[in-house]
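All values derive from a computational prediction rather than experimental measurement.
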Amino acid sequence: HGEILLSSYSVPMTLPDLTGKTVVITGASRGIGAALAESCTRRGMHVAGCARSLPSGCELAESVDVADAAAVVAFGEAAEQAFGRIDLWVNNAGVLDPVEAVRNMEQADFERSIPVSLHGVFAGRRFDARHLPPHPPPRPPARAGPEPRPAPARGRKSKKIGRAHV
């Protein structure tokens, strides 16, 4: 177990032991993804990292374009085969080029980001969802008071005032 101190709150937080757990990180070649991969490796996790450029410092590293759903599935399956299971999937890959205020961005620039930033996230989430237990059926909301009386059907005459309910 590790304890970290959140500097802005000065409150110690104990993190669970993640030794031997497996994490898949998309966009692991630079920035937040690379830092996360490094942190997970230090904590003893098996790290499977992918990005368009080959990530370094991951036990399993592949060049993957997450806009290609089949490539995402193949990478997820490779991680499963290498480590036996996936405990955490981090959809970090994304593009926004050029980095621009929305009011100044061209529609075409935004649309070029969709395959990675939206479709890629969906492909990763869909693969990871296969590993989650099924959700129980939703329970109806609890009622605080007595059951409400059903409203008369539309067009039915009311006996009290002789008018149709609308």
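Screening residues 14-36 for ring-ring contact (aromatic ring centres under 6.0 Å, His included), with sequence neighbours left out, gives no hits. Sequence neighbours left out, not one pair with a member in residues 50-75 passes ring-ring contact (aromatic ring centres under 6.0 Å, His included). Counting only residues at least two apart or on different chains, no side chain to side chain donor-acceptor pair (under 3.5 Å) pair has a member in residues 63-76. Among pairs with a residue in residues 85-105, those fulfilling ring-ring contact (aromatic ring centres under 6.0 Å, His included) read Trp89-Phe127, at least two apart in sequence or across chains.
Looking at heavy atoms from C-beta onward, Arg125 lies in side-chain contact with Asn91 at the 4.5 angstrom threshold.
Listed by chain and residue number, nothing satisfies the side-chain hydrogen bond (donor to acceptor under 3.5 Å, both in side chains) test with Glu106 (two or more places apart in sequence, or in another chain). Residues that satisfy the side-chain hydrogen bond (donor to acceptor under 3.5 Å, both in side chains) test with Ser29, not counting sequence neighbours, are Ser53. Every residue meeting the side-chain hydrogen bond (donor to acceptor under 3.5 Å, both in side chains) condition with Glu80, not counting sequence neighbours, appears here in chain and number order: His131. Every residue two or more places apart in sequence or in another chain that forms a side-chain hydrogen bond (donor to acceptor under 3.5 Å, both in side chains) with Asp87 is listed here: Arg85. Residues satisfying the salt bridge (charged side-chain N to carboxylate O under 4.0 Å, His left out) criterion with Arg126, sequence neighbours excluded, are absent altogether. Contacts of Arg30 classified as salt bridge (charged side-chain N to carboxylate O under 4.0 Å, His left out), with partners at least two apart in sequence or in another chain: none. In this view, Glu38 and Arg42 satisfy the salt bridge (charged side-chain N to carboxylate O under 4.0 Å, His left out) rule, not counting sequence neighbours.
Hydrophobic clustering (ILVMFWY, side-chain heavy atoms < 4.5 Å, transitive): Leu36 and Leu18 are in one cluster. In this structure, Phe83 is not a member of the same hydrophobic cluster as Met45, with clusters built from ILVMFWY side-chain heavy atoms closer than 4.5 Å. Using a 4.5 Å cut-off between side-chain heavy atoms of Ile, Leu, Val, Met, Phe, Trp and Tyr, with links allowed through other members, Val121 and Ile114 fall into different hydrophobic clusters. Residues Val73 and Val116 fall within the same hydrophobic cluster, defined by Ile, Leu, Val, Met, Phe, Trp and Tyr side chains chained together at heavy-atom separations under 4.5 Å.
Atom CD1 of Ile25 sits about 7.5 Å away from atom CG of Asn92, to the nearest 0.5 Å. Of the inter-residue distances, the one linking Thr22 atom OG1 with Leu88 atom CG reads 10.0 Å to the nearest 0.5 angstrom. Once rounded to the nearest 0.5 Å, the distance linking CZ of Arg130 with CD1 of Ile86 reads 8.5 Å. With values rounded to the nearest 0.5 angstrom, Leu60 atom CG is found 10.0 Å from Gln81 atom CD. A distance of 11.5 Å separates SG of Cys40 from CD of Glu59, quoted to the nearest 0.5 Å. Here the straight-line distance linking atom CG of Leu54 with atom CD of Glu62 works out to 8.5 Å at 0.5 Å rounding.
Scanning both residues, Ala93 and Gly27, for their nearest heavy atoms gives CB-N, 3.7 Å. Scanning both residues, Pro55 and Cys58, for their nearest heavy atoms gives CB-SG, 4.1 Å. Closest approach of Val24 and Ala79 over heavy atoms only: CG2-CB, 3.9 Å.
Counting only distance, with no hydrogens or angles, the side chain of Thr41 and the backbone of Ala37 share a donor-acceptor pair below 3.5 Å. For the pair Ser117 (side chain) and Val95 (backbone), a donor-acceptor distance under 3.5 Å is present.
Hydrophobic cluster of Ile32: no remaining members, since no ILVMFWY side chain lies below 4.5 Å from it.
The number of heavy-atom neighbours closer than 6.0 Å to CD of Glu111, taken from other residues, nucleotides and ligands shown, is above 12.
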